[in-house]
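Everything numeric here is computed off the predicted structure, so don't read it as measured data. The first residue of the sequence shown is numbered 1, and numbering continues consecutively from there.
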Amino acid sequence: MADIHELGAVELRQALAAGHLSATEATEHFLARIEELNRMLGAFVTVTAEQAMLDARAADAKFVRRRSGDPGLPLLHGVPLAFKDLTDVAGVVTTHGSAALDRKPAPEDGALAAVLKGAGAISLGKTQVPEFGLTAYSENRIAPPSRNPHALSRSSGGSSGGSAAAVAAGLVPFAPGSDGGGSIRIPAAACGLLGLKPGRGLVPSGESVGDAAQLVVAGPLARSAPDAALMMDALVPHGIGPEGGYLAGLEEAPAALRIGASLDSPWSASFPFATEQAALDALAQGIKLLKGAGHSVFDAEIRYDNRYPEAFTTAWTAGVGSARILPQREALLTPLTRTFRRRAQQRSAAKVNEAIGFLRQFTHDTVTQYAQWDLILTPSLAQTPRPVGWFTGTMPGGEQWPAPDWPGDADDDYRKQCEFAPWSSMVNVCGLPAITVPVHWTGPTPGAGLPMGIQLIGKPGSEMLLLRLARQLELQQKAVSHPGI
């Protein structure tokens, strides 16, 4: 058997279910790997080793009882994972990435943790996030920044950045993330993973400090489509997903599709951005793979209303204005959070409702345009993964933590984020499913340099199609890399 951390989540689950590996052995292995690597990665904020080992022993005891005639094992029996530090896990502090909040253990599991732990998964701890999940990088004032396993001077993205780093480095086989403006897809792309944002309402809600526009949804960060499909089988209530489940459904290849490729973004009017060559190379490679699989790719011109940036920002930051923070602790907030919190508190409820009303019309207009194609294709990111400290203007590469000074230019920080990931947030506004798939590396050979990906945006209910297409692209890339296999 390969090293335990080299197994995909599906392979690990099979080994656990067959008794070739115990939950205790798997948990000990991943905890040892976290102990070895987390100091340089900053993926975990809290490691709950003692509770994880108790849960693993309980899982092993259940496995023994099953042999004595007890009912079958749960879907994720003994599979380790971790929750981002916006998700409540009973008995563990949820920091929300903020130094301004009290450190009180959560009294009970949040919806996401309850579902996955109920499916038999074992939580190893909590992973790094930006303050309140607001940014496309996972840096805050409570713990070292989350770093990209492919280049430690680079960010792992955000807001599910710690989870993405943990999966990419083999600290866990897969992990749930939450996505309100790209927070699964951005770190997945930065770390060379597959990241699926399901459509609105399909899975238990990802936690946030406030979500008036219903932007946030939970979904998997994984190293392969089968691993993501396995997590979807655990997340989606029985009877709602495809017959037979997502993992079994991957055996069927997608029919030939009409795909519209576009670089148009609703952020262009406010923040004109240049798409780096690496992103264009990823898009070109994605188109090549899609055409090679028998799909048709067309140039798609999408027209977005230039009022979108203000409306989205109003809706996205509304919740941070209502977060309960003592006045004397406001100074502990990062400059970006403090700035957007102040602005949110100064807005009237009518202004927020007006923004949400505009976003509903934006959804109608955008979905109508997308309907000309089966899927919409964009690069995942407009730029390669950024250096740690690049967005905030702190020390390049984040060599010194905590930073001696955290500059206060929140608007410049936000602009950089929107230029970095200009094709993410409108998918949340529209409530559509989308997936990011790694297809390109900036180095001379596959796996060398920095990863870059493509994003595929589907119609409502197309999660199974997106996973099938991702699997098709994975197999195609494997055939190219290893001809004859």
Restricting to non-hydrogen atoms, name the atom on [X] and the atom on [Y] that form the minimum distance, rounded to 0.1 Å.
X: Gly133; Y: Trp316; value: O-CZ2, 3.5 Å
X: Ser160; Y: Lys84; value: OG-NZ, 2.9 Å
X: Gly97; Y: Asn140; value: O-CB, 3.2 Å
X: Ser146; Y: Ser156; value: OG-OG, 2.7 Å
X: Ala282; Y: Met452; value: CB-CB, 3.8 Å
X: Asn428; Y: Leu215; value: ND2-O, 3.1 Å

Next on the checklist: Looking at Leu333, is its backbone amide N or carbonyl O close enough to the side chain of Arg141 to form a donor-acceptor pair, meaning the two atoms are under 3.5 Å apart?
Outcome noted: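 Yes, Arg141 side chain to Leu333 backbone: donor-acceptor pair under 3.5 Å.
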Next on the checklist: Using a 3.5 Å distance criterion without hydrogens, assess whether the side chain of Gln345 forms a donor-acceptor pair with backbone atoms of Arg342.
Outcome noted: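 No, Gln345 side chain to Arg342 backbone: no donor-acceptor pair under 3.5 Å.
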Next on the checklist: Using salt bridge (charged side-chain N to carboxylate O under 4.0 Å, His left out), reason through Arg386 and Glu276 one step at a time and then give a plain yes or no.
Outcome noted: CA-CA 12 Å; Arg386 301 289 83 189; Glu276 286 187 359; 3.2 Å; yes
Checklist entry - Which residues satisfy the side chain to side chain donor-acceptor pair (under 3.5 Å) test with Arg13, sequence neighbours excluded? => result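 Partners of Arg13 by the side chain to side chain donor-acceptor pair (under 3.5 Å) criterion come out as none, since no residue qualifies.
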Next on the checklist: For Glu301, I'd like to know if atom CD has over 12 heavy atoms of other residues, nucleotides or ligands within 6.0 Å.
Outcome noted: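 Check fails, neighbour count at 12 or below.
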Check this for me: does any side-chain nitrogen of one of [X] and [Y] sit under 4.0 Å from a carboxylate oxygen of the other?
X: Glu474; Y: Lys478; value: no
X: Arg223; Y: Glu6; value: no
X: Asp179; Y: Arg185; value: yes
X: Asp411; Y: Lys416; value: no

Next on the checklist: Per the side chain to side chain donor-acceptor pair (under 3.5 Å) rule, what does the pair list look like for residues 265-275, sequence neighbours excluded?
Outcome noted: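 Qualifying pairs, neighbours excluded: Trp267-Ser425.
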Side chains of [X] and [Y]: donor-acceptor distance under 3.5 Å anywhere?
X: Gln455; Y: Thr436; result: no
X: Thr313; Y: Tyr414; result: yes
X: Asp413; Y: Tyr137; result: yes
X: Ser138; Y: Gln128; result: no
X: Gln285; Y: Asp281; result: no
X: Thr378; Y: Ser262; result: no

Checklist entry - Does NZ or CZ of Arg258 come closer than 6.0 Å to the centre of the six-membered ring of Phe298, within 45° of the ring's axis? => result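 Judged by the rule (NZ or CZ under 6.0 Å from the ring centre, within 45° of its axis), Arg258 counts as positioned above Phe298.
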Next on the checklist: Using ring pair (Phe, Tyr, Trp, His ring centres under 6.0 Å), reason through Trp423 and Phe273 one step at a time and then give a plain yes or no.
Outcome noted: CA-CA 12 Å; Trp423 300 292; Phe273 63 92; 5.6 Å; yes
Item to check | Counterpart residues, side chain to side chain contact (heavy atoms under 4.5 Å, CB included), relative to Arg307 (two or more places apart) | outcome: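 Side chain to side chain contact (heavy atoms under 4.5 Å, CB included) list for Arg307, sorted by chain: Asp305, Phe358.
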Checklist entry - Run the ring pair (Phe, Tyr, Trp, His ring centres under 6.0 Å) check on Phe312 and Tyr308 step by step: do they pass? => result CA-CA 6 Å; Phe312 174 81; Tyr308 172 88; 5.8 Å; yes
